[in-house]
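Order of the sequence lines sets the chain letters (A, B, ...), proteins ahead of strands, with each chain counted from 1.
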Amino acid sequence: MSKSSQTFLWLFLGIVIVLGSLWQFYPLQTAQNRMNKIPIEGATFSGKEVELSPFEENFFKDVNIVKRIYKIGGQYYFVVVLDGTKNRHPIHDPYYCFRGEGWTIESEKTLPIVDGVANLLHISKNNEKREALFWFSNGETNYTSLIKYWWQTTLRRISLGYSGPEPVLIMVTPLTSQSVNWSEFEQNFKPLFKI
Amino acid sequence: MKIKALPSITLAILVFSLVNSHHLFRSWFNTPIENFSGLIFFLWILPLPVFWFCKSKQENPWTTANTFLSWLYLLFGLISIVTSLNAIAYVGLAFACSTLIPWLPVNYFWLIASISWMPAFGWYLTHQFPQVPIISLSIFRIILAVSGSLLVLYKLTMVKKSYE
C-alpha cells in the first residue's frame with residue numbers, strides 16, 4: 001500500500017467518523033406524540049401499563065415503548081408498540097422474536113385492517129397455541145413488510161426526517177390460547193389501528 | 001513477494017469496523033437465534049489468526065493490506081452510519097477482515113460465507129423456514145462458515161508451499 005493511499009485512507013476515515021457522528025446525533029422527530037394518543041381507557045376497553053423487565057430496559061435502550069395489558073370483550077391482550085427513532089436496531093420482525101423464544105410458526109396469513117393489512121400468526125410451543133397480530137404503521141398506512149419498514153426508516157435517516165414520519169411496530173397477543181375474533185377486536189379498539 | 005509491515009491505517013480501519021459492529025457482538029448474548037453466531041464468527045475468521053501465526057514464523061511472509069478493500073470498507077462504514085443499517089456495517093466488517101489476508105480468488109467465496117454469522121441471514125432463514133428448528137439452521141450456518149474458512153486455509157497453504 002503506497003504512502004499516498006494510506007494518507008487518503010486516513011483522511012477518508014476521519015471524514016467517515018466526523019460525518020457519521022454528526023448524522024447519528026441529529027435529532028429526528030420521534031413517534032412519541034402518536035403513541036401518546038393510544039388511550040388506556042375507553043368505552044370498550046381498559047388497560048394498564050406493564051413495567052419493562054431489566055433485560056428489556058437494556059435491550060430496548062432509547063426505544064419509545066408502550067407496553068400494556070388490555071381487557072377487551074372479556075379477553076386479555078398484551079399490546080406492545082415500539083418506536084425505534086433513536087435506536088432502530090432492536091426493532092425486529094416478530095417472527096425472529098417468537099422463533100427465538102422457542103415458538104414454532106404454525107401458519108401466517110394477511111388480515112385486512114383499517115388503512116392496510118396486518119399479519120396474523122398462529123404459533124405453538126409445548127402444546128400451547130397462541131395467535132399474534134402485528135403490523136407497522138407510519139401514521140398513514142398499516143403494512144406488514146419488514147423490508148418496507150427498513151426502507152422507510154432508512155430513507156428517513158438519509159433525508160434527516162424529511163421523507164415522512166417514523167413507522168412504529170405494533171404487536172398484539174392474547175394472554176390465553178382462545179381464538180380471537182380480530183374484526184371485533186378492531187371494532188372495540190380503533191385507536192390502536194390509527195397510530 | 002517482499003516483506004511489508006501491516007500499515008497502521010489497516011489496523012485503524014479494522015478497529016473502527018469492530019466498534020461500528022458492536023451490535024453484532026451484543027446480539028450473540030441477547031438474541032436466542034444468534035446464540036451460535038459467536039462460534040460461527042470465530043470459525044469464519046479462523047484464517048486470520050492462522051495466517052498471522054504462520055506469517056510470524058516465516059522469514060518471507062506475503063504482503064497483505066488490500067487497498068481496494070480498505071476503500072470499500074470505508075464506503076460501507078459511512079453508508080451504514082448514515083442509514084443506521086447494521087447489515088451494511090457487518091458486510092463492511094467482512095471486507096475489513098479480508099484486508100488482513102492475501103487476496104486470492106477463493107476469498108470471494110469466503111466473503112460470501114460471511115453471511116453465515118450475520119443476523120440478517122438468521123432472520124432470513126427463520127422467515128423462510130419457519131418450522132425448521134433453530135439448531136438445524138445454526139448447523140447449516142456453521143457448515144457454511146467452516147466451508148469458507150477451510151477453502152481459504154487450503155488455498156493459503158498451497159500458495160505458501162509454492163513460495164517455499
#### Entry: Most chain A-contacting option - heavy-atom pairs closer than 4.5 Å, from B/N20, B/I13, B/L75, B/V132
B/V132
## Note on the structure
dist A/D93:CG -> B/Y124:OH (nearest 0.5 Å) comes out at 13.5 Å
### Task
State the CZ-CZ distance between B/F129 and A/R99, to the nearest 0.5 angstrom.
11.0 Å
### Task
Determine the option with the most heavy-atom pairs under 4.5 angstrom with chain B, choosing from A/N87, A/L146, A/T7, A/L22.
A/L146
### Task
Measure distances from B/H127 to the heavy atoms of chain A and classify the residue's part below 4.5 Å as side chain, backbone, both or neither.
both
#### Entry: B/I81 backbone acceptor or donor facing A/Q24 side chain under 3.5 Å
no
### Query
Below 6.0 angstrom between ring centroids: does that apply to B/W71 and A/F12?
yes
### Task
Check each atom of B/S80 against the heavy atoms of chain A and say whether the ones under 4.5 Å are side chain, backbone, both or neither.
neither
### Query
In Å, rounded to the nearest 0.5 Å, how long is the span from CD1 of B/I33 to SG of A/C97?
8.0 Å
### Task
Go through the atoms of B/T31 and report whether side chain, backbone, both or neither lie under 4.5 Å from a heavy atom of chain A.
side chain
### Query
Is there a donor-acceptor contact under 3.5 Å from the side chain of A/R88 to the main chain of B/S84?
yes
### Message
Shorter than 4.5 Å, heavy atoms on both sides: which option in A/R157, A/E106, A/E101, A/H89 has the most such pairs with chain B?
### Response
A/H89
### Task
Check step by step if side chain to side chain contact (heavy atoms under 4.5 Å, CB included) holds for A/Y96 and B/E34.
CA-CA 10 Å; A/Y96 200 63; B/E34 300 303 325; 2.5 Å; yes
### Query
For the atom pair OG1 (B/T10) and CD (A/Q6), what is the distance rounded to the nearest 0.5 Å?
7.0 Å
### Query
Would the number of heavy atoms belonging to other residues, nucleotides or ligands and lying under 6.0 Å from CZ of B/F36 be above 12?
no
### Task
Against chain A, work out which of B/L78, B/T126, B/V82, B/T83 has the most heavy-atom pairs shorter than 4.5 Å and name it.
B/V82
### Message
Only pairs of heavy atoms separated by less than 4.5 Å count here; which of A/W23, A/F8, A/W10 has the most with chain B?
### Response
A/W10
#### Entry: Greatest number of heavy atom pairs closer than 4.5 Å to chain B - which of A/L155, A/I158, A/L9
A/L9
### Message
Assess the residue pair A/I105 and B/Q131 against the criterion (side chain to side chain contact (heavy atoms under 4.5 Å, CB included)); give the C-alpha distance rounded to whole Å, side-chain angles, the decisive distance to 0.1 Å, and a yes or no.
### Response
CA-CA 6 Å; A/I105 313 290; B/Q131 291 176 348; 5.7 Å; no
